[in-house]
Amino acid sequence: QLQFEESGGGLVQPGGSLRLSCTASGFTLDYYTIAWFRQAPGKEREGVSCISSTDDNTYYADSVKGRFTISRDNAKITVYLQMNSLKPEDTAVYYCAAAYRPGGSYQHTCGFVRRVYAYWGQGTQVTVSS
């Protein structure tokens with residue numbers, strides 16, 4: 001069973017920064033498309049950012065463009081979400097999700113269709129408040 005977990009959440013003031021990590025346990029993420037989703041209380045889970053399995057494409061929700069950056073480490077074990085200029089509306093539980101994409105055209109794409117992602121972490125809370 002593939003396992004990975006999110007970390008790096010916490011309480012931060014508006015305008016502050018956090019870096020979330022999605023770390024694999026016992027395997028590497030180099031053939032996986034990875035996405036970050038978030039869910040605020042009473043709201044639907046929404047896509048935030050994703051990176052293709054070949055790392056050549058990234059995608060961001062309009063609400064976070066220019067503020068968030070997704071990246072993958074060289075060891076292909078961890079995917080990061082750097083979050084800058086945080087706003088109270090960014091408060092949510094953040095989840096990473098993985099889809100196995102070892103070949104074909106899907107290697108070079110990513111998106112926010114939840115059913116595509118077979119593997120999900122447990123989530124990490126991000127609270128933006130003064």
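- Listed by chain and number, the residues in a salt bridge (Lys or Arg N to Asp or Glu O under 4.0 Å) with Glu5 amount to none (sequence neighbours excluded).
- Nearest heavy-atom pair across Ala24 and Phe4 is CA-CB, 3.7 Å.
- With hydrogens and angles disregarded, no donor-acceptor distance shorter than 3.5 Å links the side chain of Thr124 to the backbone of Ser7.
- Side-chain contact between Arg72 and Thr78 is absent, with no heavy atoms from C-beta onward closer than 4.5 Å.
- Every residue meeting the salt bridge (Lys or Arg N to Asp or Glu O under 4.0 Å) condition with Lys65, not counting sequence neighbours, appears here in chain and number order: Asp62.
- A ring-ring contact (aromatic ring centres under 6.0 Å, His included) check over residues 72-108, counting only residues at least two apart or in different chains, returns the pairs Tyr32-Tyr100.
- Nearest heavy-atom pair, Phe68 versus Val48, reported as atom, atom and distance to 0.1 Å: CD2-CG1, 3.6 Å.
- Applying the side-chain contact (heavy atoms from CB on, under 4.5 Å) rule to Tyr59 yields the partners Cys50, Cys110, Phe112; only residues at least two apart in sequence or on another chain are considered.
- Using modelled atom types, one side-chain atom of Glu6 and one backbone atom of Cys96 make a donor-acceptor pair closer than 3.5 Å.
- For the pair Val79 and Ile70, the minimum side-chain heavy-atom distance is below 4.5 Å.
- The distance between the ring centers of Phe37 and Trp120 falls below 6.0 angstrom.
- A donor-acceptor pair under 3.5 Å is absent between the side-chain atoms of Gln82 and the main chain of Thr69, judged by distance alone.
- With Thr54 contributing its side chain and Gln107 its backbone, the two residues share a donor-acceptor pair below 3.5 Å.
- Scanning both residues, Gly111 and Ala35, for their nearest heavy atoms gives O-CB, 4.3 Å.
- One distance of note links CD of Gln125 with OG1 of Thr127; it measures 4.0 Å at 0.5 Å rounding.
- Salt bridge present: Arg114 and Glu44 bring a charged side-chain N and a carboxylate O closer than 4.0 Å.
- Ser49 and Leu81 get closest at one heavy-atom pair: CB-CD1, 4.0 Å.
- Each salt bridge (Lys or Arg N to Asp or Glu O under 4.0 Å) pair with one or both residues in residues 90-113, not counting sequence neighbours, appears once here: Arg38-Asp90, Arg67-Asp90.
- Residues passing the side-chain contact (heavy atoms from CB on, under 4.5 Å) test with Val12, sequence neighbours excluded: Leu18, Leu86, Val128.
- Atom OH of residue Tyr119 and atom CD1 of residue Ile34 lie 11.0 Å apart, to the nearest 0.5 angstrom.
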